[in-house]
Amino acid sequence: MSSQTAPGSSPLVAPVLEWYDEHARDLPWRRPEASAWSVMVSEFMLQQTPVNRVLPVHETWLERWPTPADLAAEPTGEAVRAWGRLGYPRRALRLHAAATAIRDEHGGEVPADYDALLALPGVGDYTAAAIATFAHGRRHVVLDTNVRRVLGRAVSGVEFPARSVTRAERDVAAALLPDDEPTAATWSVAVMELGALVCTADRPRCDACPVVALCAWHTAGRPAYDGPPRPVQTYAGTDRQCRGRLLAVLRDAEGAVPSDRLDAVWDDAAQRARCLESLLADGLAVRTADGGVALP
DNA sequence: CATGCGTGGGC
DNA sequence: TGCCCAAGCAT
């Protein structure tokens, strides 16, 4: 017998699957009765937003718009308003646009094909693979920040992955992916869950990890991160913060608001004007006939 | 390929 | 308390 590890039979797989079976959170979009649309909505909302903040918005969203066609029938501004404070509200516009494309080009059904998914607005490699896998049981490499961190540590022995996905990372993930579709799908969600709950970016709980004995990073003594400095995310005073303030006014208003309502939430007039223009350009706001501003 | 894009929670 | 982070995408 060869000592080589055959594809789909890494010693990492079974312990992670067992751990997931016992420790997985009960999330609405993971339940057997969850629709593909529910999975898709969750994936959009979870792009850079924590699970706990997504939960209530996801629930009300699915109650209001149980199918893509239901959302597509509404003005985009309603999607932006319902998005609430999840952040990055352009995702709401893209989800609306994706729902419209699904209604018009896919008979109202969320596609199962990776390339069809990738062609939808707001859907990149991760989200296409995630929807194909978690909504339709297809077999794809699902490479999000959690998976990248877990595999980086367990396999490569580094605390944090590189800025962008490398070919080597993709090869590692592909080699670990179990052969049969159902197991591949469970493995993918299980590694993500392990990264979210145990193999966290900060203060990983190695004592609770099912593969600690196999982990290259742990075995090496958890060496400190040694790569290029990771960029710090500034916020105070940025256009992002300004845009957020302006959009919050529109979201919380019944209809159009006079522009002096916007003046009150940001002092720097030049920056305020620039940010309003960018919101208009993005389609997150529109000017009304009387000179006011509103959600589209 | 680096950068811009929201928001709130935890330490 | 400031600082870092959280299931990315588009350009």
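The structure presented is a predicted model; accordingly, all values stated were derived computationally and were not measured. In the text below, chain A, chain B and the rest are named by the order of the sequence lines, each starting its count at 1.
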P gap between B:dG4 and C:dA7, integer Å:
22 Å

Side chain of A:R53: nearest nucleotide among C:dG8, C:dC5, B:dG8?
B:dG8

Measure from the side chain of A:R94, starting at C-beta and using heavy atoms only, and say which of C:dA7, C:dA10, C:dG8 lies closest.
C:dA10

Got a sec? Which of residues 122-142 of chain A come in under 4.0 Å of DNA chain C, heavy atoms?
A:G122, A:V123, A:G124, A:D125, A:Y126, A:T127

Could you tell me how far apart A:Y235 (OH) and B:dG6 (P) are, to the nearest whole angstrom?
8 Å

Sorted by number, residues from residues 21-31 of chain A placing a heavy atom under 4.0 Å from DNA chain C are A:R25, A:L27, A:W29, A:R30

Of A:A196 and A:L120, the one whose closest DNA chain C nucleotide lies more 5'
A:A196

Which part of the nucleic acid does A:F44 contact within heavy-atom distance under 4.0 Å: base, sugar-phosphate only, or nothing?
nothing

Given atom CZ of A:R90 and atom C1' of B:dG6, what is their separation to the nearest angstrom?
10 Å

Are more than 12 heavy atoms from other residues, nucleotides or ligands located less than 6.0 Å from atom CD of A:E181?
yes

Minimum heavy-atom distance between A:R272 and A:L262, given as atom pair plus value
CD-O, 3.5 Å

Going by atom types only, do A:T200 and A:R205 share a side-chain donor-acceptor pair under 3.5 Å?
no

Under a 4.0 Å heavy-atom cut-off, which of residues 238-252 of chain A touch DNA chain C?
none

Closest-nucleotide 5' rank along DNA chain B - winner of A:S164 and A:T49
A:S164

Separation of A:Q48 atom CD from C:dC4 atom C1', in whole Å?
13 Å

Could you tell me whether A:D267 atom CG has more than 12 heavy atoms of other residues or ligands within 6.0 Å of it?
no

To the nearest Å, give me how far apart CG (A:D202) and P (B:dG9) are.
17 Å

Does the distance from a Lys or Arg side-chain N to an Asp or Glu carboxylate O, for A:R274 and A:E277, drop under 4.0 Å?
no

Does A:P121 reach a base, just sugar-phosphate, or nothing at all? Heavy atoms under 4.0 Å.
sugar-phosphate

Starting at CD of A:Q47 and ending at P of B:dC5, how long is that distance when rounded to a whole Å?
17 Å

So what does A:T145 touch, heavy atoms closer than 4.0 Å: a base, only the sugar-phosphate, or nothing?
sugar-phosphate

Atom CG of A:L117 and atom P of C:dG8: how far apart are they, to the nearest Å?
17 Å

Nearest heavy-atom approach of A:L176 to A:V13 is O-CG2, 3.8 Å

Check whether A:D70 reaches the backbone of A:T67 with its side chain - one donor and one acceptor, N or O, closer than 3.5 Å.
yes

Residues A:R30, A:E193: salt bridge by 4.0 Å N-O rule
yes

Measure CE/A:M40 against C1'/C:dA7 and give the value in whole Å, please.
15 Å

Residue whose nearest DNA chain B nucleotide is more 5′ - A:L284 or A:R203:
A:L284

Salt-bridge contact A:E159-A:R149 (side-chain N to carboxylate O under 4.0 Å)
no

Listed pairs under 3.5 Å, donor-acceptor, residues 160-170 of chain A side chains, sequence neighbours left out:
unit_1 : atom_1 : unit_2 : atom_2 : d
A:T166 : OG1    : A:E169 : N      : 3.1
A:R167 : NE     : A:D171 : OD1    : 2.9
A:R167 : NE     : A:D171 : OD2    : 3.4
A:E169 : OE1    : A:R148 : NE     : 3.4
A:E169 : OE1    : A:R148 : NH2    : 2.9
A:E169 : OE1    : A:T166 : N      : 3.1
A:E169 : OE2    : A:R148 : NE     : 2.7
A:E169 : OE2    : A:R148 : NH2    : 3.4
A:R170 : NH2    : A:D125 : OD2    : 3.1

Ring pair (Phe, Tyr, Trp, His ring centres under 6.0 Å) partners of A:H140, counting only residues at least two apart:
A:Y114

What integer distance in Å separates A:Q233:CD from B:dG10:P?
18 Å

Could I get the full list of ring pair (Phe, Tyr, Trp, His ring centres under 6.0 Å) partners for A:W83, not counting sequence neighbours?
A:W61

